[in-house]
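Heads up: the structure comes next, in structure tokens.
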Amino acid sequence: MFDELRQLYQEVILDHGTQPRNHHALADATCRADGSNPVCGDMLTVYLKLNPDGTVADCAFEGKGCAISMASASMMTELVKGRTVAEVKTLFESFHRLCTEDGYVLDDAEEDADRLNVLAGVREFPVRVKCATLAWHTMNAAMHGDGEISTE
Ligand code: ZN
């Protein structure tokens, strides 16, 4: 990784990891799911509130885990608000590729999702991919009505 990106990666992980956004329960959530990553010990609950038209009205999470899992969940909750369920699924697929495929980057077409690009840093640490994608898998499970997922 370029030094510049490495530095940005550390800043973002530190910022979101120590001060996660939307880190609370959502009393009026329309769906939720619990996710766990036993390898690292990350555990979280993702709450989604969907509008009748299928857009995300609100998204929040609770839980404990390493800085990467917390940072990824924090960024995810900020990014999915206002998007349709279909758009969120596309973003999830793009994010998963970002974490696993060398050279893959999110482009401008993803709107402000390009800030997720710093999380591509987990490619250097395969065991961390599960940390980075846990919140997204859990949100996906919530949208599908599955109450619980594990990375195992
Ligand atoms: Zn972790």
Side-chain angles (χ1 to χ4, degrees), residues 1-50 56-83 87-108 110-143 147-152:
M1 211 185 332
F2 295 113
D3 286 348
E4 205 172 304
L5 185 58
R6 188 186 298 273
Q7 193 182 350
L8 184 63
Y9 171 74
Q10 286 170 348
E11 279 174 18
V12 169
I13 299 295
L14 200 64
D15 174 26
H16 281 270
T18 55
Q19 295 177 300
R21 322 296 196 268
N22 307 305
H23 192 214
H24 54 78
L26 209 59
D28 55 352
T30 53
C31 44
R32 55 168 281 182
D34 298 317
S36 66
N37 175 20
V39 173
C40 181
D42 310 317
M43 294 186 72
L44 47 84
T45 303
V46 172
Y47 302 89
L48 274 175
K49 183 184 176 188
L50 299 179
V56 177
D58 207 357
C59 182
F61 79 105
E62 281 185 308
K64 279 190 207 161
C66 66
I68 291 173
S69 66
M70 293 292 106
S72 182
S74 171
M75 292 171 80
M76 179 190 79
T77 57
E78 286 194 317
L79 278 170
V80 299
K81 282 184 198 176
R83 292 179 194 260
E87 285 168 346
V88 169
K89 282 181 182 161
T90 303
L91 188 61
F92 168 59
E93 283 160 18
S94 300
F95 178 68
H96 198 263
R97 290 185 66 187
L98 175 77
C99 290
T100 53
E101 273 183 42
D102 269 342
Y104 184 82
V105 286
L106 296 169
D107 59 32
D108 295 340
E110 308 279 359
E111 295 177 33
D112 53 356
D114 58 350
R115 76 179 101 147
L116 284 175
N117 281 323
V118 296
L119 286 171
V122 298
R123 282 184 209 144
E124 289 191 14
F125 314 98
V127 71
R128 291 296 187 190
V129 171
K130 287 179 177 178
C131 301
T133 56
L134 176 64
W136 293 80
H137 281 295
T138 308
M139 179 182 64
N140 202 39
M143 290 193 303
E148 204 175 317
I149 64 120
S150 168
T151 56
E152 288 306 282

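For reference, positions follow the sequence shown, starting with 1.
Contact annotation: the side chain of Pro38 approaches that of Thr151 to within less than 4.5 Å [non-hydrogen atoms, C-beta and beyond]. Residues Thr45 and Thr138 fail the side-chain proximity criterion, which asks for heavy atoms closer than 4.5 Å. Side-chain contact between Leu116 and Met76 is absent, with no heavy atoms from C-beta onward closer than 4.5 Å. Two residues are said to be in side-chain contact when any heavy atoms from C-beta on lie closer than 4.5 Å; Glu62 and Tyr47 meet this criterion.
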Would you please test Phe92 and Val80 for side-chain contact (heavy atoms from CB on, under 4.5 Å) and show each step?
-> CA-CA 10 Å; Phe92 168 59; Val80 299; over 6 Å; no
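By the ring pair (Phe, Tyr, Trp, His ring centres under 6.0 Å) test, His23 pairs with Phe61, sequence neighbours left out. Remark: Ser36 engages no residue in a side-chain hydrogen bond (donor to acceptor under 3.5 Å, both in side chains) (not counting sequence neighbours). Remark: Asn117 engages no residue in a side-chain hydrogen bond (donor to acceptor under 3.5 Å, both in side chains) (not counting sequence neighbours).
Annotation: salt bridge (charged side-chain N to carboxylate O under 4.0 Å, His left out) contacts involving residues 89-105, sequence neighbours excluded, comprise Arg97-Glu101. Applying the salt bridge (charged side-chain N to carboxylate O under 4.0 Å, His left out) definition to pairs two or more places apart or across chains, those involving residues 30-44 are Arg32-Asp34.
One N or O on the side chain of Ser94 and one on the backbone of Thr90 form a donor-acceptor pair closer than 3.5 Å.
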Let me check something: any side-chain donor-acceptor pairs from residues 128-137 under 3.5 Å, sequence neighbours excluded? List them with distances.
residue, atom, partner, partner atom, Å
Lys130, NZ, Glu152, OE2, 3.3
Thr133, OG1, Val129, O, 2.9
Trp136, NE1, Ser72, OG, 3.4

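Residues Leu44 and Ser69 come closest through the heavy atom pair CD2-O, 4.5 Å. A pairwise comparison of heavy atoms in Leu98 and Arg123 identifies O-NE, 2.7 Å as the closest pair. Residues Leu26 and Cys59 share a closest heavy-atom pair of CD2-N, 4.2 Å.
More than 12 heavy atoms of other shown residues, nucleotides or ligands fall within 6.0 angstrom of atom NZ in Lys81.
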